[in-house]
Amino acid sequence: VRLGVSCDWTRERFTLDEGLSRAVRHVFVTLYDEGLIYRALAMINWCPRCRTAISEIEVDHRERTGKIYLIEYPMAIEGTSLTVATTRPETMLGDTAVAVHPEDPRYKDLIGRDVTLPLTGRTIPIVGDAILVDPEFGTGVVKITPAHDKNDYEAGQRNGLPQIQVIGEDGRMTAAAGERFAGLDRFEARELVLEELNASGLLREVKEHLHAVAYCGKCDTIVEPMISRQWFVKIEPLAGPAIEVVRNGSVTISPQSWESTYFNWMENIHDWCISRQLWWGHRIPAFYCDCGEVVVSEEDAPVCAKCGKDNLRQDSDVLDTWFSSALWPFSTMGWPEQTRDYKTFYPTDTLVTGFDILFFWVARMIMMGIRFTGKPPFSKVFLNGLVRDEFGQKMSKSKGNVIDPLEAVDELGADPVRFTFAILTSGRDIPLAKSRMQGYAAFANKIWNASRFSMMHIETELRSSKPIERDELRMVERWIFSRVNAATNEVNRALSNFRFDEAANAIYRFFWHEFCDWYIEMAKPVLLGKYGTEDDQRRARAVLLDVLDRSLRLLHPFMPFITEELWQKLGGVEPSIMVAPYPIGEEVLDDPEAERLMGIVQEMITTVRNVRVERGFTHSDRFRLVIQADRERDAAFYASNSYLLVELARLSEVVINEKASADAHRDVVGGVPIAIEFPEKVLTEEQIARISRDIEGLEKELAGIEGRLSNEQFIERAPSSVVEGAKSRKTEILSRLATLRQNLVVSSA
RNA sequence: GCGGGGUUAGCUCAGUGGUAGAGCGUCUGCUUUACACGCAGAGGGUCGGGGGUUCGAUCCCCUCACCCCGCACCA
């Protein structure tokens, strides 16, 4: 809100609202009836701290250098032994077999025999399992703990092994782990196991080992794989159509590189464990009857379908929060009723969110949306990057590099903060920097001051006065219209591609470096009544207002507060800039001739300023500028606009097509020769060196161009525009070289 | 291991098959009557290394190195 987000707060919704809860129950029951939701005993990820099952994507895998232990399991008969490798020694208490590869010549004859499980004395079999065992890894012998490892669980199923649960839901060892271990925390148990193994000489070796450890995404506790009865969504039938809509383009993901990530995940998707042993959430609408019947129903208190009893016990588990979130686009609209809201607002257009919830939320909304409404919930997804600090590091309290946006808003204002986010959003992570925000606070200030200046010269009634006659415009006015139109086109194009950085940059560049730095300065002589007629002045005011108005509207989404404030002061037609039409490009404003001529004027001004500094003249020294215009039309243009050069380049006089004094500084700008008549004849060493450097650079470039132009294949194969470009550049370099050399000759005379 | 992204100016990042850009920072001038949160000017890059395609590669292809991020993992 403080950043200027405009929402319809009457539509605020919470996933536990009654309407949304009904949608959740309806979806659950429907999927259950279709067999897409099932309850099963399976290996799941258990967080011993949260005391709940969590889904695959809530588990974070992190690389850790831990230890791997080689443990000797004595053979029952021969007095020999097998050595297994493990990173989790405490789980050996629940081992029900050891496995070897059935083709491994070292061990294959042992399959079917037994080993004694140390510390417990239990006898467990040696089995052959080609899937579980990689003979190249470790010792080629694997201990199997079907109750506490996903791969071991599957191997256990394949080999008909019993499961012994030695770690409980609280992360402590169970009675099945044996008296000495029962009640110990799983990590304390690990130490004791190692101690005892060491004491009996069975711990053969301890090595450093890099492996991934699974952590709970919410609380960072190490996850425990466990066998547990949970509810699941059979996800593949839902994933298929969700893959298809992205593949056929009915849903696009920007930046596009995320599409492959999406496919990669969706094509290897696992069934979704949706039950949670928490008290907060949507209760699972499953009811159990004493007679053993399970009733899944949308009703609050269903009766048993089999025996008719009405005192059923509801499942105590709740649903994963993402289950209800997946329904958000339509559950918030009153679905499953065909409400007016639902028909009006579903599906929507664009979803903007963080890439970190692409799987948690976006993918699931697409799957559920298609399944229950027949349409994907949106056609465009824009994923913004993670906000990082100015060096690209993740923000964290411990690093002390956190920038709180709200504090920044207090300090600098909402507009600069908002603009900074926009201009940094290129599609990757956002390296947020205080200096950046300060820079755009300066921009806000610039907007304020430019508007203040404009308002000094604008009369309010201009708003309603007759439209500007294009035929009457001066070249500089045609130019600024052409430029504001180019900026408008660029902003619109960038926004439609979700390139907020390009859009913000385009408006920043235009407003500051074209409108303020050039146009306002060029308009001043007329606005201040120094040049031109009263008509000229009136028209200049109207143009100023028009361009400022377009700029503010263009800027409004990026800086809502300041633009609204200024708009109100300017007295807009609409009640708020929020409802004023957003500018779109108008071809009639494009003006290549104005851009060409004004480009040359600007370059002339820059050249004079530049040479002024190089020659050590001050701000107030004035010189005469001689322009050699080769076309009559251009000559007329320079003549009628010479005041621009006089004012902005601080000249005494501009003359066209006259002979310049022999010792004038000569240059060529946009093909137009100019001469600046400085009062001094002799250049300093430094100035000569400077000119020589320029000459050297041009000669080098010339050599390159000549090399290309003398290459027949270049002439033949390169597009003619490129060849022509090279030729004209050559001409320009030659004339610039000639004039620069002349400057040197004069100086040595 | 599989997949994706990155390596461009001191810092953070845009960018294009045809003479390298921005913001901030740096340096030098300037009380020019909207703005010193400013104006004007300047300096600064073998576009990660190597090879290839091309008339021409920072851009396309291959390869190597390093850095991120997913996913899957060898107990």
Side-chain angles (χ1 to χ4, degrees), chain A residues 56-57 61 68-69 84-88 91 98-99 132-134 136-145 149-152 155 209 211-212 255 257-261 263-265 268 355-356 358-359 386 388-392 394 412 416 420 423-424 426-436 438-457 499 501-502 505 508-509 516-517 520-521 524 528 605-606 609-614 616 618-620 647-648 650 697 700-701 704-705 708 711-719 721-723 725-726 729 733:
Chain A
E56 303 269 344
I57 47 175
H61 297 275
I68 188 166
Y69 306 91
V84 303
T86 182
T87 53
R88 301 198 56 198
T91 63
V98 296
L132 182 66
V133 183
D134 171 7
E136 306 291 314
F137 187 88
T139 56
V141 186
V142 185
K143 62 191 265 317
I144 302 182
T145 321
D149 181 278
K150 204 176 138 211
N151 291 316
D152 289 8
H209 183 62
H211 63 134
S257 56
W258 286 106
E259 288 188 359
S260 26
T261 307
F263 292 134
N264 193 24
W265 188 73
N268 300 292
F355 67 85
D356 50 334
L358 175 60
F359 304 143
L386 195 67
R388 294 171 177 277
D389 75 2
E390 58 190 306
F391 304 110
K394 254 186 196 167
L412 300 163
T420 305
I423 209 163
L424 291 177
S426 66
R428 278 197 263 282
D429 286 350
I430 300 168
L432 191 63
K434 203 58 169 291
S435 63
R436 231 28 219 248
Q438 282 158 350
Y440 299 120
F443 181 47
N445 189 56
K446 187 78 178 175
I447 295 165
W448 184 263
N449 280 307
S451 302
R452 204 156 58 94
F453 170 83
S454 302
M455 281 185 267
M456 284 165 48
H457 297 279
R499 285 302 301 264
D501 61 327
E502 286 180 358
N505 257 316
Y508 177 95
R509 210 171 24 236
C516 292
D517 288 351
I520 288 184
E521 293 308 317
K524 270 180 185 173
L528 297 171
I605 292 167
T606 305
R609 285 170 174 171
N610 184 333
V611 181
R612 177 197 295 276
V613 170
E614 278 174 12
T618 71
H619 180 66
S620 49
E647 291 297 315
L648 273 74
R650 303 189 70 83
K700 209 170 152 189
E701 194 186 338
I705 291 175
R708 274 191 287 165
N711 182 340
E712 275 176 37
Q713 294 196 305
F714 172 70
I715 304 292
E716 263 175 46
R717 300 192 192 183
S721 62
V722 173
V723 177
R729 179 68 186 152
I733 291 174

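Numbers restart at 1 for each chain; the letters A, B, ... are given by sequence-line order, proteins then strands. Small disclaimer: the values here were computed from a predicted structure and weren't measured.
Looking at residues two or more places apart in sequence or on another chain, you find a side-chain contact (heavy atoms from CB on, under 4.5 Å) between A/F263 and A/I243, A/V246, A/R247, A/E259, A/E267.
For A/R499, taking side-chain heavy atoms from C-beta onward, the closest of the listed nucleotides B/G4, B/C35, B/A14 is B/A14. Distance from the side chain of A/V613 is smallest to B/G41 among B/A75, B/G70, B/G41. Ranking B/G5, B/A75, B/A34 by closeness to the A/K524 side chain, first place goes to B/A34.
Taking atom CD1 on A/I423 and atom P on B/C24, their separation rounds to 10 Å, with Å as the unit. Rounded to an integer number of Å, the gap from CG of A/L412 to C1' of B/C24 is 14 Å. The CZ atom of A/R428 sits 13 Å away from the C1' atom of B/U12 (whole-angstrom rounding). A/H619 has its NE2 atom 13 Å from the C1' atom of B/G41, to the nearest Å. Rounding to whole angstrom units, CZ of residue A/F453 and P of B/G38 are separated by 18 Å. Taking atom CH2 on A/W258 and atom C1' on B/G5, their separation rounds to 9 Å, with Å as the unit. What separates CG of A/N268 from C1' of B/G1 is a distance of 14 Å, to the nearest Å. Rounded to whole angstrom, the span from the CG atom of A/L528 across to the C1' atom of B/A34 amounts to 11 Å.
For the pair A/R612 (side chain) and A/T618 (backbone), a donor-acceptor distance under 3.5 Å is present. Between the A/N449 side chain and the A/N445 main chain, a donor and an acceptor come within less than 3.5 Å of each other.
Rounded to whole Å, the C1' atom of B/C61 lies 37 Å from the corresponding atom of B/C24. The same atom, P, is picked in B/C39 and in B/A22; the two are 15 Å apart, to the nearest Å. Comparing B/G45 with B/A20, their C1' atoms sit 8 Å apart, to the nearest whole Å. Separating the P atom of B/C68 from that of B/C35 is a span of 49 Å, rounded to the nearest Å. Comparing the C1' positions of B/A9 and B/G5 gives an interatomic distance of 23 Å, to the nearest angstrom. B/A72 and B/G3 have their C1' atoms separated by 10 Å, given to the nearest Å. Rounded to the nearest Å, the gap between the C1' atom of B/C67 and that of B/U8 is 16 Å. Remark: the separation of the C1' atoms in B/U16 and B/C59 is 7 Å, to the nearest Å.
Of the two residues contacting RNA chain B, namely A/I605 and A/N445, the nearest-nucleotide position lying further toward the 5' end is that of A/N445. Residue order along RNA chain B, read from the 5' end via each residue's closest nucleotide, puts A/H61 first among A/V141 and A/H61.
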Scan nucleotides 17-23 of chain B nucleotide by nucleotide, 5' to 3', and note B when protein non-hydrogen atoms come under 4.0 Å of the base, S if they reach only the sugar-phosphate, - if neither. -BB---B
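Checking the phosphate oxygens (OP1, OP2) of B/A34, no side-chain nitrogen or oxygen of A/H457 falls inside 4.0 Å. Checking the phosphate oxygens (OP1, OP2) of B/A14, a side-chain nitrogen or oxygen of A/S426 falls inside 4.0 Å. When the side-chain nitrogen and oxygen atoms of A/R612 are compared with OP1 and OP2 of B/A40, none of them lie within a distance under 4.0 Å. Considering only side-chain N and O atoms, A/R609 lies nowhere under 4.0 angstrom from the phosphate OP1 or OP2 of B/A42.
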Between A/D149 and A/T91, is the side-chain contact (heavy atoms from CB on, under 4.5 Å) condition met? List the steps. CA-CA 9 Å; A/D149 181 278; A/T91 63; over 6 Å; no
One pair to check against side-chain hydrogen bond (donor to acceptor under 3.5 Å, both in side chains): A/N711 and A/R708. What are the steps and the verdict? CA-CA 5 Å; A/N711 182 340; A/R708 274 191 287 165; over 6 Å; no
When you look at A/V142 and A/F137, which way does the side-chain contact (heavy atoms from CB on, under 4.5 Å) test go after all the steps? CA-CA 10 Å; A/V142 185; A/F137 187 88; over 6 Å; no
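At a threshold of 4.0 angstrom between heavy atoms, the contacts of A/N610 are confined to the sugar-phosphate backbone, with no base atom among them. Note on A/L132: a base of the nucleic acid sits closer than 4.0 angstrom, heavy atoms only. Contact annotation for A/K150: backbone-only contact, meaning every heavy-atom pair under 4.0 Å involves sugar-phosphate atoms and none involves a base. Residue A/D517 is in sugar-phosphate contact alone, with no base atom involved, counting any heavy-atom pair closer than 4.0 Å across all strands shown. As judged by a 4.0 angstrom heavy-atom cut-off over every strand, A/T606 is placed among residues touching the sugar-phosphate backbone only. Among the protein residues, A/I715 comes within range of no part of the nucleic acid, since none of its heavy atoms lies under 4.0 Å from any strand.
Checking each of A/W265, A/F355, A/F359 against A/W258 for a ring pair (Phe, Tyr, Trp, His ring centres under 6.0 Å) leaves exactly one that passes, namely A/F355.
Here B/C27 sits opposite B/G41 as a Watson-Crick or G-U wobble pair (both hydrogen-bonding atom distances under 3.5 Å). Look at B/U7: its Watson-Crick or wobble partner, with both distances under 3.5 angstrom, is B/A65. For B/A22, the paired base is B/U12 (Watson-Crick or G-U wobble, both distances below 3.5 Å). Of all nucleotides present, only B/G1 satisfies the Watson-Crick or G-U wobble test against B/C71, with each distance under 3.5 Å.
In this model, a side-chain donor or acceptor of A/E521 finds a partner on the base of B/A34 within 3.5 Å. Side-chain atoms of A/K446 and base atoms of B/C37 include no donor and acceptor less than 3.5 Å apart.
Heavy-atom minimum distance, A/L132 versus A/A155: CD2-CB, 3.8 Å.
A cation-pi arrangement is present between A/K524 and A/F453, with the terminal nitrogen or guanidinium carbon under 6.0 Å from the aromatic centre and inside a 45° cone about the axis.
Taking NE2 of A/H61 as the reference point, atom NE2 of A/H211 lies at 13.0 Å (rounded to 0.5 Å).
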